[in-house]
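Below you'll find the structure, written out as C-alpha coordinates, and then a few comments.
Computed from a prediction, not measured in an experiment: that's the story for all the values here.
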Amino acid sequence: MPLCPNFSAALKSAMDELMTGKHGKPFTLLQVITWLSNQLVNPTHPIGRAFERSCRECEGGEGCFLELIKRPKKLKKELEEFLSPGILSYSTALEHAYLGQLPWSQIPLEFMMVWTFGGNRWVVESARPIEIDGFKRVAFTVRSPNGRRFVFISAGGETDRDAEEQGRYLYHSFVKSLKEELPVYVVTLSRENKGTFKPGDPSFIRLHYLGNFLIKKSNGL
(Lines give C-alpha, C1' and ligand atoms only; values in the text may rest on other atoms or scores of the structure.)
Protein backbone atom coordinates (compact mmCIF):
# COMPACT_ATOMS: atom_id res chain seq x y z
CA MET A 1 0.00 0.00 0.00
CA PRO A 2 1.70 3.24 -1.09
CA LEU A 3 1.70 6.22 1.22
CA CYS A 4 -0.82 8.96 0.53
CA PRO A 5 0.80 11.65 -1.72
CA ASN A 6 -0.12 14.35 0.81
CA PHE A 7 1.60 12.46 3.62
CA SER A 8 4.67 11.51 1.57
CA ALA A 9 5.15 15.14 0.42
CA ALA A 10 4.82 16.47 3.99
CA LEU A 11 7.15 13.76 5.30
CA LYS A 12 9.87 14.57 2.76
CA SER A 13 9.66 18.28 3.52
CA ALA A 14 9.74 17.67 7.28
CA MET A 15 12.73 15.32 6.94
CA ASP A 16 14.65 17.91 4.91
CA GLU A 17 14.07 20.52 7.59
CA LEU A 18 13.97 18.64 10.89
CA MET A 19 16.21 15.60 10.49
CA THR A 20 19.08 17.74 9.19
CA GLY A 21 19.07 19.98 12.27
CA LYS A 22 17.75 23.24 10.85
CA HIS A 23 16.17 24.10 14.20
CA GLY A 24 19.08 22.92 16.31
CA LYS A 25 19.11 19.30 17.40
CA PRO A 26 18.23 16.98 14.51
CA PHE A 27 14.99 15.02 14.87
CA THR A 28 14.67 11.23 14.75
CA LEU A 29 12.10 9.77 12.34
CA LEU A 30 9.72 9.11 15.24
CA GLN A 31 10.01 12.74 16.31
CA VAL A 32 9.21 13.87 12.74
CA ILE A 33 6.09 11.66 12.68
CA THR A 34 5.04 13.02 16.08
CA TRP A 35 5.64 16.57 14.87
CA LEU A 36 3.44 16.01 11.81
CA SER A 37 0.70 14.57 14.05
CA ASN A 38 0.82 17.65 16.28
CA GLN A 39 0.77 19.93 13.26
CA LEU A 40 -2.53 18.38 12.13
CA VAL A 41 -4.04 19.48 15.46
CA ASN A 42 -2.27 22.84 15.75
CA PRO A 43 -0.58 23.83 12.46
CA THR A 44 2.03 26.49 13.23
CA HIS A 45 4.60 25.80 10.50
CA PRO A 46 4.25 26.20 6.68
CA ILE A 47 4.79 22.45 6.21
CA GLY A 48 2.25 21.67 8.92
CA ARG A 49 -0.31 24.15 7.57
CA ALA A 50 -0.05 22.70 4.08
CA PHE A 51 -0.34 19.17 5.44
CA GLU A 52 -3.33 20.01 7.65
CA ARG A 53 -5.10 21.70 4.74
CA SER A 54 -4.48 18.78 2.39
CA CYS A 55 -5.78 16.29 4.98
CA ARG A 56 -8.84 18.44 5.68
CA GLU A 57 -9.69 18.52 1.98
CA CYS A 58 -8.97 14.81 1.46
CA GLU A 59 -11.58 12.06 1.79
CA GLY A 60 -8.98 9.57 3.00
CA GLY A 61 -8.10 6.32 1.32
CA GLU A 62 -5.07 4.17 0.63
CA GLY A 63 -1.97 5.07 2.63
CA CYS A 64 -3.79 7.74 4.67
CA PHE A 65 -1.64 9.09 7.51
CA LEU A 66 -4.60 9.38 9.86
CA GLU A 67 -5.30 5.67 9.43
CA LEU A 68 -1.67 4.54 9.55
CA ILE A 69 -0.94 6.48 12.73
CA LYS A 70 -3.42 4.15 14.50
CA ARG A 71 -1.41 1.12 13.36
CA PRO A 72 2.26 1.73 14.32
CA LYS A 73 3.57 -1.58 12.94
CA LYS A 74 1.88 -0.98 9.60
CA LEU A 75 3.16 2.60 9.53
CA LYS A 76 6.71 1.39 10.23
CA LYS A 77 6.48 -1.15 7.38
CA GLU A 78 5.17 1.46 4.93
CA LEU A 79 7.91 3.91 5.93
CA GLU A 80 10.59 1.24 5.40
CA GLU A 81 9.27 0.60 1.88
CA PHE A 82 8.82 4.29 1.05
CA LEU A 83 12.19 5.45 2.38
CA SER A 84 15.06 2.99 2.78
CA PRO A 85 17.00 1.20 5.53
CA GLY A 86 19.43 4.14 5.48
CA ILE A 87 16.99 6.58 7.04
CA LEU A 88 16.16 4.10 9.79
CA SER A 89 19.85 3.60 10.56
CA TYR A 90 20.35 7.36 10.71
CA SER A 91 17.32 7.82 12.96
CA THR A 92 18.39 4.99 15.27
CA ALA A 93 21.91 6.43 15.49
CA LEU A 94 20.47 9.82 16.52
CA GLU A 95 18.41 8.13 19.21
CA HIS A 96 21.45 6.28 20.53
CA ALA A 97 23.49 9.50 20.50
CA TYR A 98 20.83 11.30 22.57
CA LEU A 99 20.92 8.41 25.04
CA GLY A 100 24.71 8.59 25.26
CA GLN A 101 25.14 5.19 23.61
CA LEU A 102 26.88 6.46 20.46
CA PRO A 103 29.39 9.29 19.96
CA TRP A 104 28.05 12.13 17.83
CA SER A 105 31.26 11.87 15.84
CA GLN A 106 29.99 8.54 14.45
CA ILE A 107 26.41 9.43 13.45
CA PRO A 108 25.94 8.33 9.81
CA LEU A 109 24.85 11.63 8.28
CA GLU A 110 25.92 10.27 4.87
CA PHE A 111 22.38 9.03 4.18
CA MET A 112 20.90 12.51 4.61
CA MET A 113 23.60 13.91 2.34
CA VAL A 114 22.73 11.42 -0.41
CA TRP A 115 19.02 12.12 0.20
CA THR A 116 19.69 15.84 -0.29
CA PHE A 117 21.80 15.28 -3.40
CA GLY A 118 19.04 13.21 -4.98
CA GLY A 119 16.30 15.63 -4.00
CA ASN A 120 18.15 18.42 -5.81
CA ARG A 121 18.94 16.25 -8.87
CA TRP A 122 22.66 16.03 -8.17
CA VAL A 123 24.33 12.79 -9.24
CA VAL A 124 26.72 10.94 -6.93
CA GLU A 125 29.61 9.80 -9.13
CA SER A 126 31.63 8.13 -6.39
CA ALA A 127 31.67 7.62 -2.63
CA ARG A 128 35.15 7.17 -1.23
CA PRO A 129 35.56 6.07 2.41
CA ILE A 130 38.05 7.84 4.67
CA GLU A 131 39.23 5.94 7.75
CA ILE A 132 39.21 7.73 11.09
CA ASP A 133 39.35 6.32 14.64
CA GLY A 134 38.23 2.85 13.59
CA PHE A 135 35.24 3.86 11.48
CA LYS A 136 34.71 5.44 8.08
CA ARG A 137 33.50 8.76 6.80
CA VAL A 138 32.78 9.38 3.14
CA ALA A 139 33.97 11.81 0.47
CA PHE A 140 31.30 12.12 -2.22
CA THR A 141 32.19 13.30 -5.71
CA VAL A 142 28.96 14.69 -7.14
CA ARG A 143 27.82 16.39 -10.33
CA SER A 144 25.29 19.22 -10.42
CA PRO A 145 22.47 19.46 -13.00
CA ASN A 146 24.59 21.99 -14.92
CA GLY A 147 27.54 19.58 -15.05
CA ARG A 148 29.79 21.14 -12.40
CA ARG A 149 31.57 18.69 -10.09
CA PHE A 150 32.29 19.02 -6.38
CA VAL A 151 33.49 16.93 -3.45
CA PHE A 152 31.55 16.88 -0.16
CA ILE A 153 33.02 15.19 2.93
CA SER A 154 30.86 14.13 5.89
CA ALA A 155 31.87 15.00 9.46
CA GLY A 156 30.19 14.95 12.86
CA GLY A 157 30.77 15.75 16.52
CA GLU A 158 29.12 16.66 19.80
CA THR A 159 29.57 20.37 19.05
CA ASP A 160 30.12 22.32 15.85
CA ARG A 161 33.73 22.77 16.87
CA ASP A 162 34.15 19.00 17.35
CA ALA A 163 32.55 18.31 13.97
CA GLU A 164 34.79 20.87 12.29
CA GLU A 165 37.85 19.36 13.94
CA GLN A 166 36.96 15.94 12.55
CA GLY A 167 36.18 17.51 9.17
CA ARG A 168 39.50 19.33 9.06
CA TYR A 169 41.36 16.06 9.66
CA LEU A 170 39.34 14.26 6.97
CA TYR A 171 39.80 17.11 4.51
CA HIS A 172 43.58 17.18 4.80
CA SER A 173 43.72 13.37 4.64
CA PHE A 174 41.62 13.33 1.48
CA VAL A 175 43.01 16.23 -0.56
CA LYS A 176 46.46 14.64 -0.61
CA SER A 177 45.08 11.87 -2.82
CA LEU A 178 42.78 14.01 -4.98
CA LYS A 179 44.01 13.63 -8.56
CA GLU A 180 42.06 16.55 -10.03
CA GLU A 181 41.26 20.06 -8.92
CA LEU A 182 37.73 20.12 -7.58
CA PRO A 183 36.05 22.34 -4.98
CA VAL A 184 35.98 20.43 -1.67
CA TYR A 185 33.53 21.17 1.16
CA VAL A 186 32.95 19.56 4.55
CA VAL A 187 29.34 18.92 5.62
CA THR A 188 28.86 18.79 9.40
CA LEU A 189 26.25 17.64 11.91
CA SER A 190 26.31 18.17 15.68
CA ARG A 191 24.03 18.89 18.63
CA GLU A 192 24.40 22.61 17.85
CA ASN A 193 24.22 23.12 14.06
CA LYS A 194 24.73 26.86 14.43
CA GLY A 195 25.07 28.94 11.30
CA THR A 196 24.92 27.74 7.72
CA PHE A 197 28.17 28.20 5.83
CA LYS A 198 31.68 28.89 7.12
CA PRO A 199 34.26 29.68 4.44
CA GLY A 200 37.90 28.74 4.92
CA ASP A 201 40.36 25.94 4.28
CA PRO A 202 38.29 23.86 4.34
CA SER A 203 34.87 25.49 4.05
CA PHE A 204 32.14 24.04 6.29
CA ILE A 205 28.47 23.58 5.40
CA ARG A 206 25.92 22.64 8.04
CA LEU A 207 23.87 19.64 6.93
CA HIS A 208 20.60 21.61 7.14
CA TYR A 209 22.01 24.19 4.69
CA LEU A 210 23.28 21.68 2.13
CA GLY A 211 20.10 21.82 0.03
CA ASN A 212 20.24 25.62 -0.25
CA PHE A 213 23.94 25.42 -1.12
CA LEU A 214 23.26 22.93 -3.91
CA ILE A 215 20.53 25.13 -5.36
CA LYS A 216 22.89 28.12 -5.47
CA LYS A 217 25.61 26.10 -7.16
CA SER A 218 23.10 24.72 -9.66
CA ASN A 219 22.26 28.31 -10.54
CA GLY A 220 25.92 29.16 -11.02
CA LEU A 221 26.27 31.21 -7.82
If the condition is salt bridge (charged side-chain N to carboxylate O under 4.0 Å, His left out), which residues does [X] pass it with, not counting sequence neighbours?
X	answer
Lys198	Glu164
Lys217	none
Glu125	Arg143, Arg149
Lys70	Glu67

Partner residues of [X] under the side chain to side chain donor-acceptor pair (under 3.5 Å) criterion, sequence neighbours left out:
X	answer
Ser144	Asn146
Asn42	none
Lys136	Glu131

Could you please spell out the steps behind the side chain to side chain contact (heavy atoms under 4.5 Å, CB included) verdict for Asn193 and Leu189? CA-CA 6 Å; Asn193 302 308; Leu189 179 74; 3.6 Å; yes
Are any of the side-chain heavy atoms of [X] and [Y] separated by less than 4.5 Å?
X	Y	value
Ser105	Asp133	no
Met113	Val138	no
Arg71	Leu75	no
Leu210	Trp122	no
Leu68	Leu79	no
Asn212	Thr196	no

Which value, rounded to the nearest 0.5 Å, describes the distance between [X] atom [atom1] and [Y] atom [atom2]?
X	Y	atom1	atom2	answer
Glu80	Ile87	CD	CD1	12.0 Å
Ser89	Leu29	OG	CG	11.5 Å
Leu11	Ile47	CG	CD1	10.0 Å
Glu165	Thr188	CD	OG1	13.0 Å
Arg206	Thr20	CZ	OG1	13.0 Å
Glu81	Glu78	CD	CD	5.5 Å

Which word best sums up how the rings of Trp35 and His45 line up, parallel for under 30°, tilted for 30 to 60°, or perpendicular for over 60°? perpendicular
Parallel, tilted or perpendicular, as decided by the 30° and 60° cut-offs, for the rings of Tyr185 and Phe150: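 Ring orientation of Phe150 relative to Tyr185: tilted.
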Any chance the side chains of [X] and [Y] put a donor and an acceptor closer than 3.5 Å?
X	Y	value
Trp115	Ser84	no
Thr28	Glu95	no
Ser218	Arg121	no

Run the side-chain hydrogen bond (donor to acceptor under 3.5 Å, both in side chains) check on Asp162 and Thr159 step by step: do they pass? CA-CA 5 Å; Asp162 293 337; Thr159 66; 3.2 Å; yes
For atom CD of Glu192, is the number of surrounding heavy atoms from other residues, nucleotides or ligands below 6.0 Å larger than 12?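 Count over threshold, so yes.
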With a 6.0 Å cut-off (strictly less than), is the heavy-atom count around CZ of Arg148, excluding the residue itself, greater than 12?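 Yes.
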Going hydrophobic residue to hydrophobic residue with side-chain gaps under 4.5 angstrom, can you get from [X] over to [Y]?
X	Y	value
Leu18	Leu88	yes
Leu30	Met15	no
Val142	Val151	no
Phe111	Val186	no
Leu207	Ile130	no

Indicate yes or no: does Glu52 engage Arg56 in a salt bridge with an N to O separation below 4.0 Å. yes
By side chain to side chain contact (heavy atoms under 4.5 Å, CB included), which residues pair with Val114, not counting sequence neighbours? Phe140
Phe197: which residues meet the ring-ring contact (aromatic ring centres under 6.0 Å, His included) condition with it, sequence neighbours left out? Phe213
Please list, chain by chain and in numerical order, all residues satisfying ring-ring contact (aromatic ring centres under 6.0 Å, His included) with Phe204, sequence neighbours excluded. none
Which pair of non-hydrogen atoms, one from [X] and one from [Y], has the smallest distance, and what is that distance?
X	Y	value
Leu36	Ala14	CD2-CB, 4.3 Å
Phe7	Ile33	CZ-CD1, 4.1 Å
Met19	Ser91	CE-CB, 4.2 Å
Leu102	Gln106	CD1-OE1, 4.1 Å
Ala163	Gly157	CB-N, 3.6 Å
Pro26	Leu94	CG-CD2, 3.6 Å

Sequence neighbours left out, what pairs pass ring-ring contact (aromatic ring centres under 6.0 Å, His included) with at least one residue falling in residues 70-98? Tyr98-Trp104
Result block: side-chain N/O donor-acceptor pairs under 3.5 angstrom for residues 167-174, not counting sequence neighbours:
residue	atom	partner	partner atom	Å
Tyr171	OH	Asp201	OD1	2.9
Ser173	OG	Tyr169	O	2.9

Is the backbone of Phe51 close enough, under 3.5 Å, to the side chain of Ser54 for a donor and an acceptor to pair up by distance?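 Yes; at least one donor-acceptor contact below 3.5 Å.
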Please check this pair: side chain of Asp160 against backbone of Lys194, looking for a donor-acceptor N/O pair closer than 3.5 Å.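 Present.
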Decide side-chain hydrogen bond (donor to acceptor under 3.5 Å, both in side chains) for Gln39 and Thr44; before the verdict, give the C-alpha distance in whole Å, the side-chain angles of both, and the deciding distance to 0.1 Å. CA-CA 7 Å; Gln39 285 292 305; Thr44 58; 3.1 Å; yes
